[in-house]
Amino acid sequence: MAGCAVLCLAVAAAGARADDVERRVEDLLGRMTLEEKVGQLNLISNGAILRWDDIPEGKAGALINFNNAQDVARAQKAARRSRLGIPPLFGLDVLHGFRTQFPVPLAEAAAFNPSLSRLTAEWAAREAAYVGVQWTYAPMADLSRDIRWGRMVEGFGEDPYLGSVVSAARVEGFEAGGLTTGAKHFVGYGAGEGGRDYDATLIPEAELRDAYLPPFRAAIQAGTMSIMAGFNSLNGVPNTVNSWLLTDILRGEWGFDGFVTSDWAGIHELLAHGVAKDSAEAARKAILAGVDMDMMSGFYIKHLPDEVRSGRVPLGVVDEAVRRVLRVKFRLGLFDRPDIDPTRIDAVFPSPESRQAAREVARETFVLLQNRGEVLPIRSDVRSVAVVGPMADAPRDQQGPHGARAHAQDAVSVVEGIRRRAAPARVTVNFAAGCNLFCTNTDQIAEAVAAAEKSDLVVAVLGEPQEASGEAASRAYLTFLNRQPELLEALVKTGKPVALVIVGGRPVELGTFVDSIPSILMAWFPGTEGGTALADVLFGDVSPSGKLPVTYPRTAGQLPLYYNRLPTGRPTRSDNRFTLGYMDEAISPLFPFGWGLSYTQFAYSDMAFAKPTIAAGDALEVSVTVTNAGARPGQEVVQLYTRDPVASRSRPLRELKAFEKVSLQPGESRRVTLAVPLERLGFHLDDGSYLVEPGEIQVFLGGNSLAPSAGSIEIADGLHIAPGEQRAAATFKPRL
Ligand code: BGC
């Protein structure tokens with residue numbers, strides 16, 4: 001009873017707050033002029049382009065690129081001088097850290113550990129909120145199956161389930177740390193043709209609903225209050241004018257009551273997309289489709305008052321957009337907060353605690369791709385290590401793109417981290433960059449070879465500088481940049497054992513290096529504590545436990561390449577020519593999705609299903625005993641994949657449905673139970689409805705996407721959910 005009393009009071013209080021918000025929104029809306037309303041829909045940037053008078057004139061509903069307390073305080077003061085004193089919303093791209101940089105989002109997906117993703121988002125938010133930032137344009141919930149796309153680094157890889165879990169965890173973390181979120185880029189932006197940034201996307205509706213929409217829906221269920229419309233067109237309709245996406249699905253089916261913003265000048269881009277003849281038409285089409293806020297095209301502020309007065313845009317549409325924006329402002333308590341203290345500075349970060357968190361998270365993100373002859377961890381008889389490569393001493397670049405307030409001097413470089421760990425162990429470190437940052441020169445190779453020759457082991461640290469990854473950094477060639485292959489080849493030729501550490505935002509095409517280099521560790525952009533975290537793993541203080549969130553191709557010509565592909569009528573290539581594949585390359589990846597080695601080994605035994613047959617309300621539940629069969633402590637990501645072998649349409653060969661990361665001491669065993677609710681075992685049809693069909697579901701359980709069969713279960717009776725009923729279906733909650 002007592003529990004109910006507390007709970008009931010809490011529910012009543014939440015309800016009252018929601019009513020109160022709506023009441024305050026209506027009251028304020030009733031007092032606004034048309035111009036003031038449109039001002040709330042205008043998002044403008046700090047910098048030389050900012051006209052500060054726009055703020056007291058009520059023309060700046062939201063402000064972007066305000067990243068310090070002095071600017072925020074000045075703008076808040078200016079807003080108080082406006083007629084109604086409505087506070088602006090301050091936004092910034094805070095993706096994987098503010099001052100302290102955590103591993104990039106793709107790396108965090110590789111940790112397969114949503115509680116870490118939540119934790120680092122909370123850290124990032126706390127630091128940003130400290131200087132007055134209130135809103136982040138994150139998480140990037142875009143799934144992508146093509147690593148040529150440079151922005152893959154900002155998201156969570158190729159899998160809809162992993163993407164949903166991490167998106168939700170990051171929304172929760174950001175919100176807990178004091179930032180409201182803007183999940184982006186709705187939707188399909190990661191599927192640009194040819195892996196090209198900004199390019200058109202063509203995605204059938206069933207596929208959109210099965211693969212691309214779920215991470216956004218998960219972000220909304222976790223509480224994201226805004227959504228950013230992507231630059232891309234989807235099936236011929238630019239997202240910025242796509243009312244089916246922004247109104248029918250987002251608001252109608254999912255009940256989203258936050259606001260939608262365009263991407264940077266996305267409304268302006270409608271002219272180039274060829275769907276608006278002038279800026280007035282662009283503004284009109286965008287607002288009618290459901291874009292509430294205009295980021296940096298200036299078309300709303302310029303045209304919407306006249307569009308309304310002429311009757312081309314109903315006033316009700318503008319009112320509704322303003323309501324959505326004000327609702328978020330009231331929910332965040334912006335009207336009731338004091339202004340930011342302008343003496344606050346971000347130099348109070350990184351703190352010892354944020355550094356510790358960054359280090360602990362980073363070492364969970366590294367993926368040990370191969371380790372022939374156990375070159376890693378560095379053996380105790382190794383007395384000298386050559387640390388070679390431009391990325392070994394790149395404290396700025398190792399922090400990755402979108403570093404918010406990243407400072408190079410905050411970061412512990414790879415060579416510095418190794419030096420700190422090597423010194424007490426009396427291991428000599430011989431450092432040579434080998435070439436400049438982009439590796440356009442060869443005159444430093446001799447020095448690198450000399451360092452290698454006088455060492456017992458070579459740690460080569462190569463990959464992508466920051467500018468080679470991220471927005472507008474799509475690549476047609478995925479080989480090591482410029483002269484890096486020559487440097488690596490020269491190191492291999494010394495005959496010394498080489499451990500290759502790849503820094504960057506995506507897999508690099510390894511070519512023959514996969515044969516000539518025994519140990520390869522994917523380190524992504526590891527952040528501020530990248531060097532210490534790498535030293536922890538290279539020296540074996542911690543075993544690597546990351547798993548690939550993307551399929552690692554052999555060559556760019558295989559792209560797009562992803563594990564959850566559909567079957568075809570032909571087997572994969574064999575001696576028979578008329579089979580699926582290439583004349584000149586295998587169709588299989590170099591390393592599959594979910595792949596990653598440890599310094600120890602894990603054994604799976606005693607798999608058991610809770611029920612052989614499941615029906616509505618049940619879950620597919622499987623238990624397995626996982627044992628650390630090696631000599632070192634380690635963490636394993638237990639992964640459950642399913643396949644629907646006979647369905648009314650072809651279903652993917654494998655789909656990740658659940659995972660759990662477990663930490664085990666040598667010899668220790670743990671019983672792990674993974675459950676998948678029946679309603680997550682279905683698929684969409686092209687009319688938007690969702691179907692779970694009766695029949696067999698095959699189950700695969702193990703440490704990567706090639707996991708062996710664990711048997712099958714039967715679905716006794718299925719489900720059919722019409723598009724309008726989607727809101728009730730498959731509610732998403734990550735297990736943190
Ligand atoms: C990007 C967005 C980003 C925005 C604001 C755009 O170019 O596509 O992801 O949030 O700029 O910085």
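Order of appearance sets the numbers: ligands from 1, and atoms from 1 within every ligand. Throughout, numbering of the chain's residues begins at 1 and tracks the sequence.
- Every atom of ligand 1 is numbered from 1 in the order shown, and the set under 4.0 Å from a heavy atom of Ile64 is 5 (C), 12 (O).
- The shortest separation from a heavy atom of Asn65 to ligand 1 is not under 4.0 Å, leaving the residue out of contact.
- Of all atoms in ligand 1, numbered sequentially from 1 with element shown, those under 4.0 Å from a heavy atom of Tyr137 are 10 (O).
- For the pair Glu471 and ligand 1, the shortest N or O to N or O distance falls below 3.5 Å.
- Distance from atom 9 (O) of ligand 1 to its nearest protein heavy atom, with residue and atom name: His185 NE2, 2.7 Å.
- Not a single heavy atom of Glu154 sits closer than 4.0 Å to an atom of ligand 1.
- In the model, Asp263 has no side-chain atom that pairs as donor or acceptor with a side-chain atom of Tyr137 under 3.5 Å.
- Not a single heavy atom of Met140 sits under 4.0 Å from any atom of ligand 1.
- Under 4.0 angstrom from ligand 1, there are no non-hydrogen atoms of Met296.
- Ion pairing between a basic and an acidic side chain is recognised when a charged N comes within 4.0 Å of a carboxylate O; Arg355 and Glu529 show such pairing.
- Remark: aromatic rings of Tyr130 and Phe98 are distant, center separation not under 6.0 Å.
- Between Arg251 and Glu320, no side-chain nitrogen of the basic residue sits less than 4.0 Å from a carboxylate oxygen of the acidic one, so the salt-bridge criterion is not met.
- Taking the six-membered ring for Trp and thresholds of 30 and 60 degrees, Trp52 and Phe66 have ring planes more than 60 degrees apart, a perpendicular arrangement.
- For an aromatic pair to be called close, the ring centres must be under 6.0 Å apart, and Phe335 with Phe330 satisfies this.
- Counting the atoms of ligand 1 from 1 in the order shown, those under 4.0 Å from a heavy atom of Lys184 are 2 (C), 3 (C), 9 (O), 10 (O).
- Atom 11 (O) of ligand 1 has as its closest protein heavy atom Asp263 OD1, 3.6 Å.
- Remark: ligand 1 and Trp264 share no N or O pair separated by less than 3.5 Å (distance only, no angle test).
- In terms of protein heavy-atom proximity, atom 3 (C) of ligand 1 is nearest to Asp93 OD1, 3.3 Å.
- Taking 4.0 Å as the cut-off between side-chain N and carboxylate O, Asp292 and Arg327 do not count as a salt-bridged pair.
- A salt bridge is defined here as a Lys NZ or Arg NE, NH1 or NH2 lying under 4.0 Å from an Asp or Glu carboxylate O, and Arg99 with Asp410 meets this definition.
- Taking a cut-off of under 4.0 Å to the non-hydrogen atoms of Met228, the atoms of ligand 1 that pass are 10 (O).
- With respect to Glu467 and Arg396, a salt bridge is recorded, a charged nitrogen being found less than 4.0 Å from a carboxylate O.
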